[in-house]
Amino acid sequence: MEVSQTIVCPHCGQKFDLVIDTSEGFQRFDTDCEVCCRPLEIVVECEPGLIISLDVVPQ
């Protein structure tokens, strides 16, 4: 199950939506800010349909 979560880029401060697949319990992946295009590391802990914790780490 996919869940949309609004995150804030630690580089530029802009908000954008990120879609998380909650079928996996723990995830760590890289993505780019949709506004400034700088790299971010996303660390997520979830249960099906629920995001328990989400950290956005600048790279």
Side-chain angles (χ1 to χ4, degrees):
M1 174 179 266
E2 294 182 339
V3 174
S4 180
Q5 177 72 38
T6 300
I7 64 171
V8 177
C9 174
H11 298 293
C12 69
Q14 294 296 309
K15 295 178 183 178
F16 64 95
D17 290 333
L18 188 64
V19 177
I20 306 292
D21 179 2
T22 61
S23 64
E24 296 186 35
F26 179 81
Q27 302 173 52
R28 177 173 285 191
F29 59 91
D30 296 329
T31 190
D32 293 331
C33 173
E34 291 183 358
V35 179
C36 72
C37 300
R38 293 184 67 186
L40 306 171
E41 181 180 33
I42 308 298
V43 181
V44 185
E45 185 178 352
C46 29
E47 294 177 356
L50 177 67
I51 296 173
I52 297 169
S53 68
L54 187 145
D55 293 315
V56 180
V57 182
Q59 291 186 329

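Below, each value reflects all heavy atoms present in this structure, side chains not excepted, and no hydrogens, waters or symmetry copies.
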Closest heavy-atom contact between Pro39 and His11?
O-NE2, 3.2 Å
Applying salt bridge (Lys or Arg N to Asp or Glu O under 4.0 Å), which residue pairs with at least one partner in residues 43-59 are found, sequence neighbours left out?
none
Give a yes or no on whether Phe16 and Leu54 share a hydrophobic cluster (residues Ile, Leu, Val, Met, Phe, Trp, Tyr; joining criterion: side-chain heavy atoms under 4.5 Å apart).
yes
Throw together a table of side-chain donor-acceptor distances under 3.5 angstrom for residues 17-37, partners on residues two or more places apart or in other chains.
residue, atom, partner, partner atom, Å
Asp17, OD1, Thr6, OG1, 2.5
Asp21, OD1, Ser23, N, 3.1
Asp21, OD1, Ser23, OG, 2.8
Asp21, OD2, Ser23, OG, 3.2
Thr22, OG1, Met1, O, 2.7
Thr22, OG1, Gly49, N, 2.7
Gln27, NE2, Asp21, O, 2.6
Asp30, OD1, Gln59, NE2, 3.0

Calculate, to the nearest 0.5 Å, the distance between atoms SG and CZ belonging to Cys9 and Arg38 respectively.
7.5 Å
Side-chain contact test, heavy atoms from C-beta onward, threshold under 4.5 Å: evaluate it for Val56 versus Val8 and give yes or no.
no
